Structure formats: C-alpha cells, structure tokens
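Quick caveat: nothing in here was measured; it's all calculated off a predicted structure. Hydrogens, waters and symmetry mates are skipped; everything else that's a heavy atom, side chains included, is used.
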Amino acid sequence: MEKVRTVAPGVTGFPVGTKFEKWTYSRNGDWVGGFWPGTLWMAWLYSGDDAFRAWAVESARNLAPRQDDTSTHDLGFLFSPSWVTAWRLTGDDEWRTGAIRAADSLIQRYNPRGKFIRAWGALTDRANAGRVIMDTMMNLDLLAFASRQTGDDTYLDIAVEHARTAQRVFPRPDGSTPHVFDFDPDTGAPIGPNTVQGYSPTSCWSRGQAWGIYGFTTMYRRTGHKEFRDTARRLADFAIGALTPDHVPVWDYRAPQQPHDIKDASAGAIMACGLLDLHAATGRHTYREVALRLLTALADTCLTRNSARADAVVARCTRNRPAEDGIEVSLPYADYYLLEGILRVLRPEAVDRAIDLSQPA
C-alpha cells in the first residue's frame, strides 16, 4: 500500500513492465491496461483512502477508446479489473455501459465453426485466425457480466462454447497444458498444440497454467457447470505437484533447466487467487493451504521493499522468456493479483464487492 501510494502520483500512463526498476508505459494500455486501475481499486477497498479512488477513475477512463477494439481477445483483461469493478463499487452506469460495449467487441472474435475466440490479430488478418491461447479463459468473465446485465444469453453462450473447446484441447492426461492450440479457421478442424511464451508445444508455461486454473474456476462459478470445476482441479493438481520447495513458480514447469530456471512470480500470484477460488468451489483445503504458501513465498522473497528506486511491488517476474523480453522484471499483473490474493484472505467481503465471488446457486 505504501509503495502504490508513493508511486501513483507519478504514473503517466499504463504500466507494462519495468526497466531498471522503473515502470515503462503504454498510452493505450496494450493488453495490461486494466491492472493499474484494478490495483488502485483494490487499494481503495483496503484503505478507504479516496485518493486511490480518484486515481483509479482517472486511469480507467483512459481506457475508453479500447471499448471498440475488435483486434484483440484481451478486452476482459482491460475492462474487468477496471470498468466492471468500477461499476460494482460506484454504481455509475458509465462503467457498466462501457464494459458491455467491450463485450460486444469481444464476441466479434468468435469463430462458430471451431467454437473458439481467436486470440490475436485483426478480424481481417488471416495470420493467427485459428490460434487459441490459454490466456483467453481470463477474458470470458466479461461476457458473463454482459449477459447478466443485459439478459442476453449470447455473450455467456459464446463464453461457454469457448471454455468447452479449451477444456477439450488444452489439458493433457496429467493436467499440464500448452500455451497455444491451433485450428483451421475455415473448417474449425483442430491442428494441434503450439506455444509462443512456453518452452515448447509439449512444455507447460506456468503463467498459462495459472490463467487456466483461475479461468476455469470462474466459469464454473458463473455457470454451475461442474465440468469446468473439474478441469480447474486437474490443472491445479498438476501445478501444485510441479512447484519447487520455495513456492515461486519457474517460468515453465517443463523447461530443461527447471527446477533451477528463472522464476515468474506473476504466475504464483495468479495461481494463488485461482486456488483460493477453487477451495471455495470444492471445499478442498489443500488448495487454500498451497495458496497461502504461494502468497507467503512472494511476500518473503519477491517484494521490492529493499529498493527505494523500485516502482513496482513484486519483482522476479518473467514476461516472455523465449523472446528474451522482460526476464526477471516487475509486471503490473503480478502487483494486481498479489493484492487481490491477499485481500481474498484478509478482506473477502471487500473483494466480493469488487469482482463478485459468488458461488453457483
């Protein structure tokens, strides 16, 4: 909280990562623009300090042009922690309307032949037209929100079809997953697994595995479909078994140098949130125990508390190891999910106000 309060007045855009411990910025938010206002909303929930609320509103409003962006699947990452949370906390209809408009843009990326939402590229771009990535599971909750708010089941139906496709093609028998799965965009026929941010098509990128745990659990909560809960458990059980004793995930659970490879603390923060959610969905205490160990490990070994220079809260994150992009830096989603995870433990009622932790009826 002290770090965010100190840094916030000097933030001039949307943080995307650090260079020499200082935030670098995107003007339009890239794919991570929702996490800075999301962090500020969580800080306001915890502290009641209206300075955080004012900063959150100012930052979130700068995402307004992205409501109509049909060139990316990342509209959930952009609008759920920023605009959906803003509506839940303020009741201002501006936020609700904008989030629904973003959902309208997202569903245009749905391929009805393959029953998936394409990840990357403009709608007219043939490149990547059949590419599906695990990260998209985290964007589906924006569609669930839009269905609840409008009464139009189209949004949620698309989310459910995408999740069913993902659970059919991503999990391996042992519960590990690839980052990417490719389809023929014209016929919807499956081509096979691939990767961009993992070590190989047969490896298991730890952040993607964490997105899957969190995303499938969320889809279970929004639909009551037990198949999604069971898929989340398969992914969680593999990831728990792959953790090293220090409980800070390596960047890829099957990279050749693991368990002695570079770390990705962001994967640990995301996984902790997903496991806390999965504990609530299943009652299995192991998930909560591991989540607490993950949060404790990040707090003990990954915070920037000893650096007066650092803008971010969490260090030891890795953005894209194969591209040699952002190796052991700080990333805005690590800060956001660490704060969300801690508040899920300390202030669950407050987090419920922000992101709706309700279980299926």
Side-chain angles (χ1 to χ4, degrees), residues 35 38 77 81 133-138 141 166 170-171 174-179 197-198 203-221 228-255 258-259 261-282 284-303 313-319 321 330-345 351 355 357:
F35 294 117
F77 283 128
I133 64 175
M134 181 60 82
D135 318 40
T136 305
M137 288 300 305
M138 294 293 290
D141 199 33
F170 276 96
D174 64 358
S176 66
T177 61
H179 176 210
Q197 290 181 255
S203 71
C204 185
W205 178 49
S206 62
R207 190 159 72 245
Q209 192 80 2
W211 294 137
I213 295 166
Y214 194 135
F216 277 110
T217 305
T218 300
M219 282 301 293
Y220 163 68
R221 289 197 293 104
F228 297 144
R229 180 196 62 193
D230 295 343
T231 298
R233 290 193 63 171
R234 291 173 60 196
L235 271 57
D237 292 346
F238 174 85
I240 290 170
L243 286 172
T244 49
D246 66 355
H247 278 77
V248 181
V250 295
W251 73 279
D252 190 304
Y253 293 127
R254 285 187 170 153
Q258 69 81 28
D261 212 328
I262 59 172
K263 298 291 189 174
D264 181 10
S266 74
I270 297 158
M271 181 176 167
C273 292
L275 289 177
L276 289 168
D277 218 5
L278 194 54
H279 165 255
T282 65
R284 189 178 180 206
H285 292 294
T286 297
Y287 296 138
R288 182 177 174 86
E289 292 164 3
V290 174
L292 294 175
R293 288 201 291 271
L294 286 163
L295 294 172
T296 301
L298 298 181
D300 284 346
T301 68
C302 299
L303 300 193
V313 175
V314 182
R316 302 182 73 194
C317 304
T318 298
R319 181 163 44 212
R321 178 70 178 90
S330 295
L331 297 168
Y333 35 96
D335 284 11
Y336 171 79
Y337 287 109
L338 177 67
L339 185 50
E340 179 189 305
I342 291 172
L343 293 182
R344 279 174 178 264
V345 177
V351 177
I355 63 175
L357 300 178

Please check this pair: side chain of Gln197 against backbone of Arg321, looking for a donor-acceptor N/O pair closer than 3.5 Å. no

Under the 3.5 angstrom rule, does the side chain of Arg344 hit a backbone N or O of Ala272 as a donor-acceptor pair? no

Could you check whether Asp277 pairs with Arg221 (Lys NZ or Arg NE/NH1/NH2 to Asp/Glu carboxylate O, under 4.0 Å)? yes

For the residue pair Thr231 and Met219, establish whether any side-chain heavy-atom pair is separated by less than 4.5 Å. no

List the steps and the verdict of side-chain hydrogen bond (donor to acceptor under 3.5 Å, both in side chains) for Tyr253 and Asp261. CA-CA 9 Å; Tyr253 293 127; Asp261 212 328; over 6 Å; no

Would you say Ser330 and Asp335 make side-chain contact, with heavy atoms under 4.5 Å? no

Arg254 and Ser176: CA distance, side-chain angles, deciding distance, side-chain hydrogen bond (donor to acceptor under 3.5 Å, both in side chains) verdict: CA-CA 10 Å; Arg254 285 187 170 153; Ser176 66; 3.1 Å; yes

Geometric class of the Phe77/Phe35 ring pair [parallel <30°, tilted 30-60°, perpendicular >60°]: tilted

Does a side-chain heavy-atom distance below 4.5 Å link Arg233 with Leu278? yes

How far apart are the closest heavy atoms of Met138 and Gly215, and which atoms are they? SD-N, 3.8 Å

Answer yes or no: is there a side-chain heavy-atom contact under 4.5 Å between His247 and Thr296? no

Which value, rounded to the nearest 0.5 Å, describes the distance between Arg288 atom CZ and Thr286 atom OG1? 12.5 Å

Quick one: does Arg316's side chain get under 4.5 Å of Leu298's, heavy atoms only? no

When you look at Asp141 and Thr218, which way does the side-chain hydrogen bond (donor to acceptor under 3.5 Å, both in side chains) test go after all the steps? CA-CA 7 Å; Asp141 199 33; Thr218 300; 5.7 Å; no

Is the shortest side-chain heavy-atom distance between Arg229 and Thr217 below 4.5 Å? no

Side chains of Ser206 and Asp264: do they bring a donor and an acceptor to under 3.5 Å? no

What is the minimum heavy-atom distance between Gly212 and Met134, and which atoms define it? CA-SD, 3.7 Å

Minimal non-hydrogen separation, Ala265 against Cys302, with atom names: CB-SG, 4.0 Å

Show the numbers, then the answer: is there a side-chain contact (heavy atoms from CB on, under 4.5 Å) between Tyr333 and Arg319? CA-CA 10 Å; Tyr333 35 96; Arg319 181 163 44 212; 4.0 Å; yes

Once the angle between the rings of Tyr337 and Tyr214 is folded into 0 to 90°, is it parallel (under 30°), tilted (30 to 60°) or perpendicular (over 60°)? perpendicular

When you compare the side chain of Gln209 with that of Phe170, does any pair of heavy atoms fall below 4.5 Å? no

Please answer whether the main-chain N or O of Ala269 pairs with a side-chain N or O of Glu340 as donor and acceptor at a distance below 3.5 Å. no

Tell me, do Arg284 and Asp237 make a side-chain contact under 4.5 Å, heavy atoms counted? yes

